[in-house]
Amino acid sequence: MKAAAAHMSAAKQIITGKVALQAQLASHAEALAAIGGQITAMFPEGSDFGVTDAREAIWEDWEDFVSKAEAYERAAQQFSSAPTGEHLRALGKSCKSCHKLYKAR
């Protein structure tokens, strides 16, 4: 998930013109799409221990978590297909909808 955050940050910097690395935008978008397809695999049953920002609610309401992960994946695919500010904002909203319920920090 830290990789997703780093790619989101880099993509935002490029889209807002804070860094002039337009040629790198597609690679960040592709990475976000790849991560999107792996979210539920990052939280297998029995992984709710140790130092983590994941809340127990992930496993208590697995179906909702999967639904939000699928929404993120769709938004990431859209951003990958057309890396625009609009699609990046939609992807960010998808992230936040999950974080509100399932991320502790």
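- The shortest non-hydrogen separation linking P44 to W59 is O-NE1, 3.4 Å.
- Residues R55 and A104 approach most closely at NE-CA, 3.6 Å, considering heavy atoms.
- A 4.5 Å side-chain heavy-atom check between L88 and K12 finds at least one atom pair inside the cut-off.
- You'll find the side chain of I35 stays beyond 4.5 Å of the side chain of Q38, heavy atoms only.
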Exercise for the section: Please lay out, stage by stage, how M1 and M42 fare under the test side-chain contact (heavy atoms from CB on, under 4.5 Å). Expected result: CA-CA 9 Å; M1 298 314 295; M42 294 179 202; 3.5 Å; yes
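- In terms of heavy atoms, A29 sits closest to P83 at CB-CB, 4.3 Å.
- Under the rule for a side chain to side chain donor-acceptor pair (under 3.5 Å), the partners of Y102 that lie at least two apart in sequence or sit in another chain are D64.
- When side chains are defined from C-beta on, F65 counts as touching I39, because their heavy atoms get closer than 4.5 Å.
- Side-chain atoms of S97 and Y72, non-hydrogen and from C-beta on, never get closer than 4.5 Å to each other.
- In this structure the side chain of V66 never reaches within 4.5 angstrom of the side chain of F43, judged on heavy atoms.
- Residue F79 holds its CZ atom at 10.5 Å from CZ of R89, rounded to the nearest 0.5 Å.
- Under the 4.5 Å side-chain criterion, counting only non-hydrogen atoms from C-beta, K96 is not in contact with K93.
- Taking both residues in full, the closest heavy atoms of A33 and A76 are given as CA-CB, 3.7 Å, listed atom of the first, atom of the second, then distance.
- The environment of E56 atom CD is dense: over 12 non-hydrogen atoms of other residues, nucleotides or ligands sit within 6.0 angstrom.
- Here the OG-NE2 distance, from S80 to H28, works out to 12.5 Å after rounding to the nearest 0.5 Å.
- For the atom pair K103 NZ and T52 OG1, the distance stands at 10.0 Å (nearest 0.5 Å).
- Separating the CE atom in M8 from the CD atom in Q13 is a distance of 12.0 Å, to the nearest 0.5 Å.
- Atom OG1 of residue T40 and atom CD of residue E73 lie 8.5 Å apart, to the nearest 0.5 angstrom.
- A 4.5 Å side-chain heavy-atom check between T84 and I15 finds every atom pair outside the cut-off.
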Exercise for the section: For the pair Q24 and V19, evaluate side-chain contact (heavy atoms from CB on, under 4.5 Å) and give the outcome as yes or no after the intermediate values. Expected result: CA-CA 10 Å; Q24 301 299 316; V19 296; over 6 Å; no
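- Separating the OG atom in S81 from the NE2 atom in H87 is a distance of 8.0 Å, to the nearest 0.5 Å.
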